[in-house]
A.B. asks: 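Dropping the structure in here first, questions after.
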2 protein chains.
Amino acid sequence: MAFHKKEEFSAKDQSLAAFAKAISHPARIAILTVLARKNECICGEIVEILPLAQSTVSQHLKELKNAGLINGTVDGPRSCYCINWKSFEKFNAEFGSLFTKLKEVNAKCC
Amino acid sequence: MAFHKKEEFSAKDQSLAAFAKAISHPARIAILTVLARKNECICGEIVEILPLAQSTVSQHLKELKNAGLINGTVDGPRSCYCINWKSFEKFNAEFGSLFTKLKEVNAKCC
DNA sequence: TTCTTTTATCGTATATTTGCGATATTAGAT
DNA sequence: ATCTAATATCGCAAATATACGATAAAAGAA
């Protein structure tokens with residue numbers, strides 16, 4: 001069954017995989033780009049830019065937030081999101097070190 | 001419906017998302033690590049190391065291959081895999097530039 | 001209070017992913 | 001030709017992801 005096999009892998013691999021999953025949909029990469037580009041932490045503006053329904057965008061935002069890649073604060077009837085640079089940088093380093101590690105341990109093959 | 005909305009995003013975002021998806025499962029990260037570490041391009045050895053059935057590992061290998069992250073060559077009754085460093089490096093750069101780009105266009109918020 | 005705007009959440013449909021066992025398939029060994 | 005070992009693929013079940021419309025919630029404006 002499609003059961004929690006994921007948990008049998010190392011915490012590091014799980015963490016990196018979770019981060020990768022967060023950015024494994026073009027809509028979420030587009031959202032991150034919009035968040036970085038706009039001066040303010042938009043919300044409904046994202047809906048206008050993306051070819052997706054409001055509820056769908058809200059769901060993607062939730063996933064990015066759960067992954068820790070963005071922060072969200074409530075401002076009246078609207079929500080203000082922005083990139084969590086700290087954790088984003090952490091994941092960036094984590095990913096970079098995967099590549100570095102792979103290269104280091106490599107010993108030519110095929 | 002869960003329809004091809006993905007195709008409405010930029011080619012670059014789609015490409016990066018596809019790469020992220022390829023490494024969005026700890027088993028696949030573990031496979032990449034094994035492939036990099038072992039001197040030879042293992043195959044069934046991976047099955048022994050991972051807590052997964054042979055058919056499942058074979059499927060993960062297929063996905064990594066489809067994503068272009070590994071190469072596979074048939075050697076008698078067995079298959080020999082190794083990391084495709086060229087495309088892996090390409091994706092690494094692509095990912096790094098996402099982070100760089102986000103930082104560049106950013107203009108403080110929240 | 002009632003209306004409006006903005007966003008989150010619920011319910012639902014469909015698609016994809018994950019995983020396994022069983023069954024091909026391939027090629028060397030007997 | 002038959003057996004064996006290593007892999008890939010098929011068929012299936014269960015879980016998760018994607019997407020939408022409808023509805024709830026929150027707070028300012030009328």
Side-chain angles (χ1 to χ4, degrees), chain A residues 1-9 13-14 17-31 34-35 38 40-67 70-82, chain B residues 1-9 13-14 17-18 20-31 34-35 38 40-67 70-82 110:
Chain A
M1 300 121 221
F3 246 4
H4 350 62
K5 284 286 183 176
K6 277 181 186 175
E7 290 158 25
E8 298 189 23
F9 294 91
D13 285 356
Q14 284 185 58
F19 165 59
K21 172 167 274 179
I23 61 166
S24 75
H25 194 292
R28 292 195 284 272
I29 293 176
I31 288 174
V34 172
L35 284 183
K38 290 278 179 181
E40 318 152 49
C41 307
I42 321 89
C43 37
E45 284 193 72
I46 299 171
V47 176
E48 282 180 27
I49 295 171
L50 302 201
L52 297 171
Q54 179 270 321
S55 56
T56 307
V57 170
S58 197
Q59 233 172 256
H60 281 306
L61 284 167
K62 193 180 177 186
E63 276 172 73
L64 285 170
K65 197 177 174 186
N66 285 343
I70 65 175
N71 293 321
T73 54
V74 178
D75 168 28
R78 72 210 59 150
S79 289
C80 172
Y81 290 99
C82 65
Chain B
M1 301 123 222
F3 246 6
H4 348 62
K5 284 286 183 176
K6 278 181 186 174
E7 291 160 23
E8 298 190 23
F9 293 91
D13 285 357
Q14 284 185 59
K21 171 167 273 179
I23 61 166
S24 75
H25 194 291
R28 292 196 283 272
I29 292 176
I31 287 174
V34 172
L35 284 182
K38 290 279 179 179
E40 320 152 49
C41 308
I42 321 88
C43 36
E45 284 192 72
I46 298 171
V47 175
E48 282 179 27
I49 295 171
L50 302 201
L52 298 171
Q54 179 268 320
S55 56
T56 307
V57 170
S58 197
Q59 232 172 255
H60 282 305
L61 284 167
K62 194 180 176 185
E63 277 173 72
L64 285 170
K65 197 177 173 188
N66 284 343
I70 65 175
N71 293 322
T73 54
V74 179
D75 168 28
R78 73 211 58 152
S79 289
C80 173
Y81 290 99
C82 66
C110 283

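Below, each value reflects all heavy atoms present in this structure, side chains not excepted, and no hydrogens, waters or symmetry copies. The sequence lines fix the lettering, A, B, ..., with proteins before strands; numbering per chain opens at 1.
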A.B. asks: Can you pull out the residues from residues 48-62 of chain B that lie within a 4.0 Å heavy-atom distance of DNA chain C?
C.D. replies: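 Nucleic-acid contacts, sorted: Leu52(B), Ala53(B), Ser55(B), Thr56(B), Gln59(B), His60(B).
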A.B. asks: In whole angstrom, give the distance that lies between atom CG of Leu64(A) and atom P of dT18(D).
C.D. replies: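 That distance rounds to 11 Å.
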A.B. asks: Send over the distance from His25(B) NE2 to dT16(D) P, rounded to a whole Å.
C.D. replies: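 Answer to the nearest Å: 11 Å.
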A.B. asks: To the nearest angstrom, how far is Asn66(A) atom CG from dT16(D) atom P?
C.D. replies: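 For the pair Asn66(A) CG and dT16(D) P, the rounded distance is 14 Å.
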A.B. asks: Just how far is it from atom CD1 of Ile70(B) to atom CG of Leu61(B), taken to the nearest 0.5 Å?
C.D. replies: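 So the CD1 of Ile70(B) and the CG of Leu61(B) are separated by 5.0 Å.
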A.B. asks: According to a strict under-4.0 Å criterion, is Lys6(A) in side-chain N/O contact with OP1 or OP2 of dG19(C)?
C.D. replies: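 No, no such contact exists.
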A.B. asks: Between dA17(D) and Lys21(B), is there an OP1 or OP2 to side-chain N/O distance shorter than 4.0 Å?
C.D. replies: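 It does not, given that no N or O in the side chain of Lys21(B) lies less than 4.0 Å from OP1 or OP2 of dA17(D).
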A.B. asks: In whole angstrom, what separates Glu63(A)'s CD from dA8(C)'s C1'?
C.D. replies: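 Interatomic distance, CD of Glu63(A) to C1' of dA8(C): 14 Å.
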A.B. asks: Once you round it to whole Å, what is the distance between C1' of dA13(D) and NZ of Lys5(A)?
C.D. replies: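 Atom NZ in Lys5(A) sits about 15 Å away from atom C1' in dA13(D).
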A.B. asks: How would you list all residue pairs meeting salt bridge (Lys or Arg N to Asp or Glu O under 4.0 Å) that involve residues 20-31 of chain A, not counting sequence neighbours?
C.D. replies: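 Qualifying pairs, neighbours excluded: Arg28(A)-Glu63(A).
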A.B. asks: Does the side chain of Leu52(A) come within less than 4.5 Å of Phe9(B)'s, by heavy atoms?
C.D. replies: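 Contact flag for Phe9(B)/Leu52(A) side chains = yes.
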A.B. asks: Think Tyr81(B) has a side-chain N or O under 4.0 angstrom from the OP1 or OP2 of dA8(D)?
C.D. replies: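 So the side-chain polar atoms of Tyr81(B) do come within 4.0 Å of the phosphate oxygens OP1 or OP2 of dA8(D), strictly under.
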A.B. asks: List the atom of Ala22(B), the atom of Leu64(B), and the distance in Å for their closest heavy-atom pair.
C.D. replies: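 Smallest interatomic distance, heavy atoms only, reads O-CD2, 3.9 Å.
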A.B. asks: Which atom pairs link the protein and nucleotides 24-30 of chain C when you take only N or O atoms and keep those under 3.5 Å?
C.D. replies:
none

A.B. asks: Whether the side chain of Lys5(A) engages the backbone of Pro51(B) through a donor-acceptor N/O pair (distance < 3.5 Å, no angle test) should be reported.
C.D. replies: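 Looks like yes, one N/O pair under 3.5 Å.
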A.B. asks: Measuring to OP1 and OP2 of dT6(C), would you say a side-chain N or O of Ser79(A) lies under 4.0 angstrom away?
C.D. replies: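 No, outside the criterion.
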A.B. asks: State the CG-CG distance between Asn71(A) and Leu35(A), to the nearest 0.5 angstrom.
C.D. replies: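 The distance works out to 10.0 Å.
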A.B. asks: Supply the atom-to-atom distance Ile31(B) CD1 to His25(B) NE2, rounded to the nearest 0.5 angstrom.
C.D. replies: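 Those atoms lie 9.5 Å apart.
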A.B. asks: Any side-chain heavy atom of Lys62(A) sitting closer than 4.5 Å to one from Asn66(A)?
C.D. replies: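 Yes, their side chains come closer than 4.5 Å.
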A.B. asks: Is the distance from OP1 or OP2 of dA8(D) to the nearest side-chain N or O of Arg78(B) less than 4.0 Å?
C.D. replies: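 So the side chain of Arg78(B) is outside the cut-off, no N or O lying under 4.0 Å from OP1 or OP2 of dA8(D).
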A.B. asks: So, do Lys38(B) and Ile46(B) sit near enough that their side-chain heavy atoms are less than 4.5 Å apart?
C.D. replies: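 They are not in side-chain contact.
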